Amino acid sequence: MKLYGIWHSLGALSCGSLATYVSLKLLDRRQAHTEHQHVEDSLGKGHWCHNWDRREYQTSNVDSGQLAAGAEEPVALRHIVLVRHGEYKSTPDGNRLTDLGRLQAHRTGQRLLEMGIAWDHVVASTMTRAQETAMIILKQINFDPLKMKRCELLPEGTPCPADPPQNRSACHVEQAYRRDGPRIEAAFRRYFFRASPEQKDDSYLLIIGHANVIRYLVCRALQFPPDAWTRFSLNHGSITWLTIWPTGYVTIRCLGDTGYMPVTELTHRRPTISVEES
C-alpha cells in the first residue's frame, strides 16, 4: 500500500512537472510571437526597432533600457560594403563577365584600394559572374583569395514580391519567392548585426553579389519596406556602404556608387544580343 502511494505521488509530481514544462514552452512561444509582431508593427509605422538583430539584450535590460550590471558597452562599428558584379552575358560555359564587365570590376577594385581599408573578411556569391568579379577585385586590394568565403546564401534571386510588381506573371514571382526568399533573408541574418562588446576595433566586411540581393539587404538593414527593393537600380560594379553602430542604428554612406567610372563604362543590364551573335 505504501509503495502504491509513493508511485501515485511520483506520478502526480511528474504530471505536474510536465504541465509546468508545457506551460512554460507555450509562454515562450507566445512571447516570441509578440516580439515578432512588435517588430512588424514598428516597421509598418516607420518606427525604428532598436532590437532588430536580437542583440540588445547582450548589453542592456530590454525593459528599462539600462546597461546590465557588469556588462560592457559595445564600442565598435561594423562596416559592410556591398559590390555588384560586373556586366555579364550568357555563354556556352554559363554566365560570364564581358570585357567591359572585367574592366568594371578592375575599376571597382582600384576604388576599394584607394579607400585604404584593411578588410577583415571578403565574401562572394557562388555564381560565376560574382566569383570572376571577386577574383579581379582581390588582386587590386591585395587580399588573399584563399581567405575569401564563397557563400551559398548570396546567389541572385527574388527576395520577396515587389511593390510595384516586377514585369512577370504572379505565378512566376510566387514560385521564385518561395524558392529564393528564405535563403536571401538568411543571408541578411548571417551578415547584418551589431558588434558584440568583445569587439573593440571597427571591422570591414566586403560582400560581392547581385543587384536583387543587395537591394533587399539595404531595405532590410534600413528598416524600409522590403517589397520596395525594385524602386532603385544598381549599376554593374557599384559600391554600397552600410555602417552598423554599437547602438544598433544603421546608416548608409553610399548607395550604388559608380562615380569613379567613366560614363561610357556604366551599365546596369545585360547587353542585348545582336543578330550576328544570335
Side-chain angles (χ1 to χ4, degrees), residues 75-88 96-151 154 156 187-188 191-195 199-219 221-222 232-246 249-271:
V75 295
L77 284 71
R78 294 191 67 246
H79 299 281
I80 302 177
V81 177
L82 304 122
V83 170
R84 188 188 179 192
H85 58 77
E87 182 192 68
Y88 71 100
R96 294 190 173 277
L97 295 184
T98 63
D99 290 340
L100 177 56
R102 287 188 285 272
L103 178 58
Q104 291 167 340
H106 180 81
R107 299 275 195 206
T108 301
Q110 287 184 321
R111 179 66 166 183
L112 294 173
L113 178 63
E114 291 171 356
M115 291 179 180
I117 294 173
W119 300 98
D120 296 281
H121 303 283
V122 177
V123 183
S125 158
T126 54
M127 300 187 84
T128 301
R129 55 188 183 269
Q131 290 289 310
E132 289 181 333
T133 301
M135 290 300 105
I136 295 172
I137 288 176
L138 292 183
K139 289 181 180 179
Q140 298 297 311
I141 64 175
N142 300 315
F143 192 91
D144 186 353
L146 296 178
K147 294 182 179 180
M148 184 187 76
K149 181 178 179 182
R150 294 162 175 79
C151 181
L154 292 173
E156 186 65 300
F188 172 77
Y191 297 113
F192 285 78
F193 52 86
R194 76 191 75 183
Q199 180 179 327
K200 302 305 179 184
D201 299 319
D202 296 351
S203 61
Y204 293 84
L205 167 65
L206 175 62
I207 297 178
I208 302 166
H210 308 269
N212 293 357
V213 177
I214 294 174
R215 290 185 288 176
Y216 176 80
L217 294 178
V218 168
C219 286
L222 298 180
F232 57 97
S233 179
L234 297 175
N235 286 333
H236 290 121
S238 60
I239 296 174
T240 297
W241 185 341
L242 292 156
T243 299
I244 304 177
W245 295 75
Y249 288 152
V250 181
T251 54
I252 188 164
R253 295 196 175 192
C254 63
L255 175 64
D257 179 26
T258 48
Y260 47 89
M261 293 188 193
V263 174
T264 54
E265 295 176 5
L266 298 181
T267 59
H268 69 279
R269 304 184 69 174
R270 278 193 294 177

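Remember, predicted model here, so these are calculated numbers, not experimental data. Below, each value reflects all heavy atoms present in this structure, side chains not excepted, and no hydrogens, waters or symmetry copies.
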Just how far is it from atom [atom1] of [X] to atom [atom2] of [Y], taken to the nearest 0.5 Å?
X	Y	atom1	atom2	result
Leu113	Thr108	CG	OG1	12.5 Å
Ile239	Thr258	CD1	OG1	9.0 Å
Tyr260	Leu112	OH	CG	6.5 Å
Thr240	Ile207	OG1	CD1	11.0 Å
Asp202	Arg78	CG	CZ	11.0 Å
Leu206	His79	CG	NE2	13.5 Å

side-chain hydrogen bond (donor to acceptor under 3.5 Å, both in side chains) partners of [X], counting only residues at least two apart:
X	answer
Ser233	none
Asp201	none
Lys200	Glu72
Thr267	Gln104, His236

Review point. Which residues pass the side chain to side chain contact (heavy atoms under 4.5 Å, CB included) test with Glu114, sequence neighbours left out?
Key: Arg111

Study note, to complete from the structure: Residues at least two apart in sequence or cross-chain that pass side chain to side chain contact (heavy atoms under 4.5 Å, CB included) with Ala221, listed by chain then number, are Phe188, Phe192, Leu242, Val250

Considering only distance and modelled atom types, tabulate donor-acceptor pairs under 3.5 Å from the side chains of residues 133-146, sequence neighbours left out.
{"unit_1": "Thr133", "atom_1": "OG1", "unit_2": "Gly86", "atom_2": "N", "d": "3.1"}
{"unit_1": "Thr133", "atom_1": "OG1", "unit_2": "Arg129", "atom_2": "O", "d": "2.8"}
{"unit_1": "Gln140", "atom_1": "NE2", "unit_2": "His106", "atom_2": "ND1", "d": "3.0"}
{"unit_1": "Asp144", "atom_1": "OD1", "unit_2": "Leu146", "atom_2": "N", "d": "3.0"}

Check your understanding: Has the side chain of Glu87 got a donor or acceptor atom that lies under 3.5 Å from a matching backbone atom of Leu100?
Key -> no

Point to revise | Expected output: side-chain Arg215 to main-chain Phe232 donor-acceptor under 3.5 Å | key: yes

Which heavy atom of [X] sits nearest a heavy atom of [Y], and at what distance?
X	Y	value
Arg253	Thr243	NE-OG1, 3.5 Å
Cys151	Tyr191	SG-OH, 3.1 Å
Glu156	Val213	OE1-N, 3.4 Å
Ala211	Leu234	O-CD1, 4.0 Å
Trp245	Arg194	O-CB, 3.9 Å

Point to revise | Partners passing ring-ring contact (aromatic ring centres under 6.0 Å, His included) against Tyr88 (at least two apart in sequence or in another chain) | key: His85

Below 3.5 Å, can you tabulate the donor-acceptor pairs from side chains in residues 117-126 to any protein atom, sequence neighbours excluded?
{"unit_1": "Asp120", "atom_1": "OD2", "unit_2": "Tyr204", "atom_2": "N", "d": "2.7"}
{"unit_1": "Ser125", "atom_1": "OG", "unit_2": "Met127", "atom_2": "N", "d": "3.1"}
{"unit_1": "Ser125", "atom_1": "OG", "unit_2": "His210", "atom_2": "NE2", "d": "2.8"}

Check your understanding: What residues form a salt bridge (Lys or Arg N to Asp or Glu O under 4.0 Å) with Glu265, not counting sequence neighbours?
Key -> Arg107

Practice item. Could you pull out all residues at least two apart from Arg270 that satisfy salt bridge (Lys or Arg N to Asp or Glu O under 4.0 Å)? Key: none

Check your understanding: Can you find a heavy atom in the side chain of Pro246 that is under 4.5 Å from one in the side chain of Leu77?
Key -> yes

Exercise for review: Quick one: do Asp99 and Arg102 satisfy side chain to side chain contact (heavy atoms under 4.5 Å, CB included)? Show the steps, please.
Suggested key: CA-CA 5 Å; Asp99 290 340; Arg102 287 188 285 272; 2.2 Å; yes

